[in-house]
Number of protein chains: 2
Amino acid sequence: MKKRTFTVCPIVYALDIWGDPWSLVILRDVLIHNKRYYREFLASRENISTNILSARLLSLVEAGLLVKIEGETNRAQTMYRPTQKALDLLPVVFAIMHWGLKYNPNTDMGIPIMQELRTNEKGLAQRLLQNFDDITSE
Amino acid sequence: MKKRTFTVCPIVYALDIWGDPWSLVILRDVLIHNKRYYREFLASRENISTNILSARLLSLVEAGLLVKIEGETNRAQTMYRPTQKALDLLPVVFAIMHWGLKYNPNTDMGIPIMQELRTNEKGLAQRLLQNFDDITSE
DNA sequence: GTCAGTGCTTGCATTTTGCAAGTACAAACT
DNA sequence: AGTTTGTACTTGCAAAATGCAAGCACTGAC
C-alpha cells in the first residue's frame, strides 16, 4: 500500500504507520519486554535482519512512535524508547495477544506475561507502563 | 516476513495471518460495514487493485477467517462472510480505531460508527454482531 | 444479439523483503 | 601498542509482494 498522508479512516492511518509485518514485533519488544537496544531487537526469536530492523526503527522514529537517544561517545549506548503515541498502542497489542492466545495452538504459555494477560490485564498494563514513568509524566 | 507455521508468540501468529497492509482493510469492511461482495470491497476508498483483492480473499479463506459462498448460477452472487475467528477480531479492530481516532487528525467523524465507538462501544459491538447471527448461533 | 456488469486472471514495472557480507568505531584483552 | 570482540549500522543483490492496466468468461438486461 502506498502511504497516504491523508486518509479519513483511523484503521488505514494506523496500518500506514505500523501495518507492515515487522513494526509491531519491534513495538511488542519495546512495550512488553522493555527492550531498548538494537542488539536486543536483533536477538528476538523472529530473526529480523539488520537492514530491515534499521529501516523499521527509522520509520517508527519518523512516525513519532519511538525516540532515538544517542550515546555521548559510544554507539552501543544508543537507545530507542517509546513515545506516548506508542504507549497508547498497548491496548491494541493486548487485543491482538488475546486473539492470538485463543487461536494459536503453539503459543508458549511460559512467556511470563501470557498467564497474567488473562487473569489480570489491568495490573499487567499498569506494571508495564511503570517502565516508562519518565515518558508519561512529561 | 516469511510465514512461520510455528510461532510461539500470539502476536506473530496474528501478523502472519492478517499483518499485511490489506487484509485488515477487508476485514474492516466485512465486520464494520457488513460488506460481502467482491464489488463492494473494490469500491472502498482505498482503491485496492483486483489482483491483490482476490489474493487476500483467498488467503483469508485459507486462514479460516472468511468463508466463500458461491452462487448457484451467477458469480455475482458469490459472497465472503466471516467465521467466528474473524468475529473475534472485532476487539482488535476497535482498539486500532480508538488509537487512530486519537492520532489521525483527518479522521472523518461523519463515518457512522465513529461517534458511537466512543460513546457506546458495547452497544455498537452487539449491533454489528447481529449481522452475523447465523454464524454465531452455529 | 449486443452490451454493460461482475469476478476474476495475466503481464509487467516498481517496491519491499531476505540474506550475506562488509564497514566504522569503541572498549577489552594480550 | 596491536589485535580481537562487540555493536550499529550500510551495501549488494536475488526473490517476493505490490500497483496498474488490460484481458477474459460468464450472466442478465436491453
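Hydrogens, waters and symmetry mates are skipped; everything else that's a heavy atom, side chains included, is used. So you know, we letter chains A, B, ... as the sequences are listed, proteins then strands, and number each from 1.
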Notebook entry, point to check: Is there a chain of hydrophobic side chains (I, L, V, M, F, W, Y, each step under 4.5 Å between heavy atoms) that links B:M79 to B:L27?
Noted result: no

Next item on the list: State the OG1-NZ distance between B:T107 and B:K102, to the nearest 0.5 angstrom.
Entry: 13.5 Å

Check: Between B:N106 and A:Y13, does any side-chain donor sit less than 3.5 Å from a side-chain acceptor?
Finding: no

Check: So, B:E116 and B:R127, do they make that salt bridge, N to O below 4.0 Å?
Finding: yes

Margin query: Within the 4.0 Å heavy-atom criterion, would you say A:F41 contacts the bases, only the backbone, or no part of the nucleic acid?
Written below: nothing

Item checked: Bounds of contact between DNA chain D and chain B, in 5' to 3' order, using a heavy-atom cut-off under 4.0 Å -> D:dT18 to D:dG28

Margin query: Considering every strand and a 4.0 Å limit on heavy-atom distances, what is the contact class for B:R39: base, sugar-phosphate, or nothing?
Written below: sugar-phosphate

Notebook entry, point to check: What closest approach, in Å, do A:I32 and A:L90 show between heavy atoms, and which atom pair accounts for it?
Noted result: CD1-CD1, 4.2 Å

Check: Going from CG on A:L124 to CZ on A:F94, what distance comes out if it is rounded to the nearest 0.5 angstrom?
Finding: 4.0 Å

Margin query: Please tell me whether B:Y37 and B:L57 are part of a single hydrophobic cluster in this structure, the criterion being side-chain heavy atoms less than 4.5 Å apart.
Written below: no

Next item on the list: On DNA chain C, check which nucleotide each of A:N74 and A:W22 is closest to and give me the residue with the more 5' one.
Entry: A:W22

Item checked: Pair B:R81, B:N34: side-chain N/O donor-acceptor within cut-off below 3.5 Å -> yes

Next item on the list: Indicate whether any N or O donor in one side chain lies under 3.5 Å from an N or O acceptor in the other, for B:E121 and B:H98.
Entry: yes

Notebook entry, point to check: Does the pair A:R28/A:E46 count as a salt bridge with the N-to-O cut at 4.0 Å?
Noted result: yes

Notebook entry, point to check: First contact, last contact: which nucleotides of DNA chain C are these for chain B, 5' to 3', heavy-atom distance under 4.0 Å?
Noted result: C:dT6 to C:dC19

Next item on the list: Would you jot down, in residue-number order, the residues of residues 42-62 of chain B having a non-hydrogen atom under 4.0 Å from DNA chain C?
Entry: B:T50, B:N51, B:S54

